[in-house]
Protein chains: 2
Amino acid sequence: MTATETATDAPPHPAAAALRERRDVSLTILVRREIERSIETGELKAGDWINEALLASRLGVSRGPVREACRGLEQSGLVKVVVNRGAFVREIGAQDARHLYELRAALFGFAGFQLAPIVTDDQIAALRALHDAMETASADTDLDTYYGINLKFHATLLAFTGNDRLAAAYSGFVRELHLFRRRALVSPGRMTASNAEHARIIDALAAHDPDLARSRMEAHVLDARDRVVPPTT
Amino acid sequence: MTATETATDAPPHPAAAALRERRDVSLTILVRREIERSIETGELKAGDWINEALLASRLGVSRGPVREACRGLEQSGLVKVVVNRGAFVREIGAQDARHLYELRAALFGFAGFQLAPIVTDDQIAALRALHDAMETASADTDLDTYYGINLKFHATLLAFTGNDRLAAAYSGFVRELHLFRRRALVSPGRMTASNAEHARIIDALAAHDPDLARSRMEAHVLDARDRVVPPTT
DNA sequence: AAATCGTAAATCGCCGACGATTTACGATTG
DNA sequence: CAATCGTAAATCGTCGGCGATTTACGATTT
């Protein structure tokens with residue numbers, strides 16, 4: 001009756017995706033994804049307490065997977081666990097936010113430094129396409145679209161270095177930074193200014209100038225740092 | 001009878017350390033520390049399988065804390081968990097090792113870039129003291145001592161930036177890099193050469209030259225990368 | 001003898017429960 | 001009435017156990 005009867009999986013079964021999705025994914029991973037999603041959508045805000053029992057019953061699982069998920073999230077910086085008091089969504093202070101921006105700047109700049117000498121024409125074209133898309137969103141004052149493409153622009157550039165650890169670390173820092181409040185003070189004017197910086201970054205990469213690319217990319221992120229979290233804090 | 005009877009803890013009780021050590025530390029944390037220690041000392045080697053039940057009984061705990069510890073270690077990159085097969089000490093390939101070295105280079109170089117303008121004379125003196133200590137160890141061909149002070153040199157320099165997230169991320173990458181085999185091919189000659197680079201790094205910092213400090217510090221780590229894991233892999 | 005198969009042991013994922021700690025809140029006292 | 005105290009509820013940390021999956025290994029077949 002069951003699918004395990006005939007093990008003729010030589011041709012990858014078309015409808016096996018749903019089963020695989022549950023076969024090689026533990027409840028712990030599912031719970032972790034759910035918590036990450038809740039944090040990103042804002043259902044869980046920084047400082048919020050994560051009720052183990054409530055979350056467990058809400059997801060129809062026991063507390064074990066929830067606890068394991070929280071331990072993983074703790075190491076990735078999204079959650080703070082206090083002994084005998086529970087797990088809380090991490091609160092990012094101004095100081096931490098500045099530090100995280102600087103980490104982003106260091107990695108992003110280094111990525112440009114590494115990418116500039118080896119970047120291909122196709123990659124430049126891909127980056128320019130993203131830049132153009134942001135230009136359109138900027139003209140429409142579509143903040144959400146701009147923000148999404150902006151993330152993709154950075155991620156794409158990072159991926160072009162071929163250093164996946166670099167890309168993973170960068171996106172981890174970005175995710176942590178989401179926990180810092182009041183980042184939505186992006187005026188429409190800032191979008192065009194920011195995208196102008198993107199254009200100059202692409203130019204530096206296309207010119208195969210590592211030092212120029214680095215300084216522009218680093219400045220790009222450090223400017224965002226000073227804009228989002230003022231130094232006078 | 002118990003110590004909870006008299007709560008006059010206004011003066012911090014002298015013998016309370018042992019109890020605190022157990023009061024605000026869960027078994028999960030203790031197990032995680034134990035696994036980290038086993039990995040660092042080599043009792044657990046890269047690729048080794050972590051038997052949950054065996055480790056639990058050996059430490060006198062149940063499997064719960066062991067599982068939670070492994071989930072934390074997984075996110076910090078020291079452990080790889082495979083569903084329905086268990087936890088394994090992470091294996092770092094040549095590619096990953098090179099990527100991690102590059103991450104170290106990016107962070108170390110950026111630290112120098114940030115530190116150079118603001119470094120104090122006392123900090124320079126502290127770094128020079130570590131350099132001198134390494135010079136002595138180098139003369140005695142004392143590899144272990146040199147290696148230890150070298151780690152301290154890097155950590156101290158990172159700490160001087162005041163960016164603790166930077167320092168934490170850096171030490172995390174260093175710990176991950178420990179999982180890469182054959183890193184002990186350090187000849188006595190390399191110690192003196194490496195320490196000469198340290199001296200030039202300190203000089204650049206003392207001269208308050210951010211770009212020079214960065215390029216020297218970045219090159220310092222990238223040289224180590226090419227020495228430990230050749231590009232022709 | 002090599003390969004295949006089937007069964008038993010080992011191990012993992014998950015659950016429910018119990019004691020310990022923390023928190024909430026009303027009673028008591030000055 | 002404010003502050004303190006004590007008790008009850010809520011929550012966390014930990015444990016042992018059960019079914020499901022994987023692995024080990026001997027029997028069977030070619």
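All values derive from a computational prediction rather than experimental measurement.
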*On DNA chain C, nearest-nucleotide positions of A/R63 versus A/V83: which is more 5'?*
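The residue closer to the strand's 5' end, by nearest nucleotide, is A/R63.
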
Select one nucleotide: of [options], the one nearest the side-chain heavy atoms of [X].
X     : options                : answer
A/N84 : C/dC12, C/dT21, C/dC14 : C/dT21
B/R67 : D/dT14, C/dC15, C/dG13 : C/dG13
A/S62 : C/dC15, C/dT11, D/dG13 : C/dC15
A/S26 : C/dG13, D/dT11, C/dT11 : C/dG13
B/P65 : D/dT11, C/dT11, D/dC15 : D/dC15

*asked:* Taking the ring centre of each residue, are B/H131 and B/F153 less than 6.0 Å apart?
replied: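 Distance test on ring centres: not under 6.0 Å, no.
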
*Is the side chain of B/T145 donor-acceptor paired with the backbone N or O of B/D142 at a distance under 3.5 Å, no angle test?*
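No, because the side chain of B/T145 does not come within donor-acceptor range (under 3.5 Å) of the backbone of B/D142.
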
_Residue-level proximity of residues 68-77 of chain B to DNA chain D when a heavy atom falls under 4.0 Å_ = none

*Examine D/dT14: is either OP1 or OP2 under 4.0 Å from a nitrogen or oxygen in the side chain of B/T28? Give yes or no.*
yes

*Are OP1 or OP2 of D/dC12 and a side-chain N or O of A/W49 less than 4.0 angstrom apart?*
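True: A/W49 side-chain N/O within range (under 4.0 Å) of D/dC12 OP1/OP2.
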
Please report, rounded to the nearest Å, how far the [atom2] atom of [N] is from the [atom1] atom of [X].
X     : N      : atom1 : atom2 : result
B/E52 : D/dG16 : CD    : P     : 15 Å
B/F88 : C/dT11 : CZ    : P     : 12 Å
B/L55 : C/dT11 : CG    : P     : 13 Å
B/N51 : C/dC12 : CG    : P     : 5 Å
A/L59 : C/dC14 : CG    : C1'   : 14 Å
A/I50 : D/dT11 : CD1   : P     : 14 Å

*Does the pair A/V89 and A/L73 meet the rule for a side-chain contact (heavy atoms from CB on, under 4.5 Å), with working shown?*
CA-CA 9 Å; A/V89 179; A/L73 264 349; over 6 Å; no

*asked:* Return the pairing partner of C/dT11 with a 3.5 Å limit on both distances, Watson-Crick or G-U wobble; otherwise return none.
replied: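 The base-pairing partner of C/dT11, which may sit in any strand shown, is D/dA20.
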
*Please lay out, stage by stage, how B/S194 and B/Y146 fare under the test side chain to side chain donor-acceptor pair (under 3.5 Å).*
CA-CA 10 Å; B/S194 173; B/Y146 183 88; 3.2 Å; yes

*Could you label the plane-to-plane angle of the A/H220 and A/H154 rings as parallel, tilted or perpendicular, counting under 30° as parallel and over 60° as perpendicular?*
tilted

*Could you check if a side-chain atom of B/I35 sits within less than 4.5 angstrom of a side-chain atom of B/L55, using non-hydrogen atoms only?*
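Result yes, sub-4.5 Å side-chain heavy-atom pair found.
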
*Please say whether more than 12 non-hydrogen atoms of neighbouring residues, nucleotides or ligands are located less than 6.0 Å from CZ in A/R58.*
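No - once you tally the heavy atoms of other residues, nucleotides and ligands closer than 6.0 Å, there are 12 at most.
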
